[in-house]
Amino acid sequence: MAKTKSLLTDISLKGLEIAPSQIRGAVRIVPLLRRQVRGDLRLLRRSYNEDIAVVSLEGKITEPGMKYFSYVPHGLVMSWSDDGSPVASFGGQMLKPDGKSFNSCCASVRLMQRMAKRESKNQLRFLPLHLAMEGFLSLFFSGPDIAWSEYSKYALSHGLGSRYEYSFSGRYIAGLEDALRVFEIHERQVGVLVFVAEALASAFVVPTPEDYRALHTSLLEDFYGELIYQYSFMYDTTCPMVVAVDDAQINSLTDLKTAIALMRSDWASFQGFMAGGLLQRQLHSQRVYTAGPFQMQRFITSLQPKEENHIGEAIVRDNGELEYLKTYRLSATQTRRVYLLSQLAKYNWNIDATAKALGHTHDELVSRLEASGFGYLLNQQVRDAARKKVKKSPSYQRKNSPKK
């Protein structure tokens, strides 16, 4: 098969099978099985014990000295072979310590270089999910290139400055820990689709079944969006999925085998449809690292403010097979923020042009930017003028008038 070095345009489960889901409360976990396990790519978890990680973003388009701060419970070490030969099993590899740590009066801190850092000829350390989140935070980071009069001196000098997002540890998702503890792990299982109250929370894929068994509980150390956290407490059941074999049509073992195969196919198709917000979406991808026949990329789905949106990272084999995948579902608030930035960037950060494209007045867009936490990008005069005009508008007065 011809090799491809192109960027991901969508998520394909090529080489993977969707198995029947397992349910506990509001948590539905759908196993992903690999048809052919090669063994020439392996992932190993490297645990970190510090309260905070500070990652230097060398080589980025942001300002010199830009850093990423977060709680990072573990990294992944990727080992591969260039010729397709198996990589040594876990425990048989010599790994060197990564980063430095020091204690302060309030927290322990780990200092690290880069989200993905090569450690030896065929070994790469990267920070799972943080690789995707850092890419998300850096979107449209530089701010306006033209000195539009509406923007503050800070925005013109520093762009967006410090950006941050809130998320929830998997340990705070009600029912997830119990589900991971009691659910069966299949023989060829290399990943899962995780649903909470039938909302896709995360997709996770690794190269081999041995890797998955070692990383199964790492889903608790991942972070999840606000919607998933809320759903886990608001709902305690899932929608019933009725798939059965019609015994009236079964006259032999061959009939039974065929009926069961059809049932599993229908089940897999439906569960794939449930994940359509990720699997059937166009992606905007960025190449992070090329490792022999593998490519590491991070991505964001094409932004649709009224639909679910995901960010993530993937390692893809040169024949298009997915070897690693980890995703994060953006909250509605996170989507609105990045959508606003994308529209501003699309129209060269021109407030009037962007407002017209979004069907707003100039002052309505200014108010929307403030409500989204980007008011600091605009100078005080513009913000004050917009507040006065919006408060005088009929729609605002109707919305805020005392109810009789």
Side-chain angles (χ1 to χ4, degrees), residues 10-13 16 18-32 128-129 132-133 136 165-183 189 191-205 216-243 266-284 298-314 322 325-339:
D10 57 23
I11 296 295
S12 167
L13 297 183
L16 301 173
I18 301 178
S21 61
Q22 302 174 73
I23 301 170
R24 189 175 182 86
V27 177
R28 180 190 298 273
I29 293 185
V30 179
L32 299 174
L129 214 50
M133 179 57 75
F136 173 72
E165 296 291 348
Y166 291 105
S167 295
F168 295 85
S169 165
R171 298 188 185 279
Y172 291 94
I173 305 300
L176 181 58
E177 186 168 7
D178 281 346
L180 293 173
R181 177 175 55 83
V182 303
F183 285 172
Q189 184 171 347
V192 288
L193 300 173
V194 179
F195 295 86
V196 176
E198 307 299 30
L200 179 61
S202 175
F204 178 47
V205 175
H216 176 69
T217 57
S218 71
L219 288 162
L220 289 174
E221 295 183 344
D222 288 342
F223 50 87
Y224 299 83
E226 181 183 11
L227 176 74
I228 303 303
Y229 171 76
Q230 291 176 347
Y231 275 11
S232 71
F233 287 95
M234 291 171 60
Y235 306 100
D236 59 2
T237 59
T238 58
C239 297
M241 228 181 254
V242 180
V243 182
D266 291 343
W267 207 333
S269 298
F270 184 73
Q271 291 172 150
F273 173 76
M274 289 173 60
L278 172 67
L279 302 181
Q280 299 173 16
R281 291 285 295 282
Q282 182 181 357
L283 304 180
H284 300 288
R298 58 187 176 191
F299 59 83
I300 182 171
T301 54
S302 56
L303 289 171
Q304 301 292 336
K306 295 183 180 180
E307 298 180 15
E308 62 182 87
N309 296 276
H310 301 261
I311 60 173
E313 60 213 23
L322 197 63
L325 175 70
K326 191 177 281 287
T327 68
Y328 169 89
R329 181 168 177 163
L330 297 173
S331 70
T333 302
Q334 289 170 327
T335 297
R336 285 194 296 270
R337 282 201 292 267
V338 75
Y339 181 75

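All figures in this text were calculated on a predicted structure; none of them were measured in a lab.
The two residues P305 and T335 come nearest to each other via the heavy atoms CA-CG2, 3.9 Å. E308 and L278 get closest at one heavy-atom pair: OE2-N, 4.3 Å. Closest heavy-atom contact between A275 and L200: CB-CD2, 4.0 Å. A pairwise comparison of heavy atoms in A199 and R329 identifies CB-NH1, 3.5 Å as the closest pair. Heavy-atom minimum distance, E313 versus P128: OE2-CA, 3.1 Å.
Y231 has its ring centre less than 6.0 Å from the ring centre of Y235. Here the two rings, on Y224 and Y328, have centers that are 6.0 Å apart or farther.
When the shell of 6.0 Å around CZ of F136 is examined, it contains more than 12 heavy atoms from other residues, nucleotides or ligands. Atom OH of Y166 has 12 or fewer heavy atoms from other residues, nucleotides or ligands within 6.0 Å.
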Can you list the steps and then say if L193 with I29 is a side chain to side chain contact (heavy atoms under 4.5 Å, CB included)? CA-CA 6 Å; L193 300 173; I29 293 185; over 6 Å; no
Derivation and outcome, side chain to side chain contact (heavy atoms under 4.5 Å, CB included), residues F299 and I311: CA-CA 6 Å; F299 59 83; I311 60 173; 5.9 Å; no
In sequence, state the C-alpha distance, the side-chain angles, and the governing distance for Y339 and Q304, and then conclude on side chain to side chain contact (heavy atoms under 4.5 Å, CB included). CA-CA 8 Å; Y339 181 75; Q304 301 292 336; over 6 Å; no
Side chain to side chain contact (heavy atoms under 4.5 Å, CB included) for S302 and H284? Distances and angles first, verdict last. CA-CA 7 Å; S302 56; H284 300 288; 3.9 Å; yes
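Using a 4.5 Å heavy-atom threshold, the side chains of Y229 and S167 count as separate. With contacts defined as side-chain heavy-atom distances shorter than 4.5 Å, the pair L325/F204 does not qualify. Residues L16 and V205 meet the side-chain proximity criterion, which asks for heavy atoms closer than 4.5 Å.
Put simply, the side chain of S21 never gets that close to the backbone of R28: no donor and acceptor are under 3.5 Å apart. Here the side chain of Q189 pairs no donor or acceptor atom with the backbone of P31 at under 3.5 angstrom. Remark: the backbone N or O of H310 is paired with a side-chain donor or acceptor of T301 at under 3.5 angstrom. Checked by atom type and distance alone, the side chain of H216 pairs as donor or acceptor with a backbone atom of L180 at under 3.5 Å. Proximity of a side-chain donor or acceptor of N309 to a complementary backbone N or O of E307 within less than 3.5 Å is detected. Of the possible donor and acceptor atoms, one in the side chain of S331 sits under 3.5 Å from a partner among the backbone N and O of Q334.
Here the rule is side chain to side chain contact (heavy atoms under 4.5 Å, CB included) with V194, and of V30, I173, L176 only L176 fits it.
Taking the charged nitrogens against the carboxylate oxygens, R337 and E165 do have a contact shorter than 4.0 Å, which makes a salt bridge. Between R281 and D10 there is no salt bridge, since none of the side-chain N atoms of the basic residue sits less than 4.0 Å from a carboxylate O of the acidic one.
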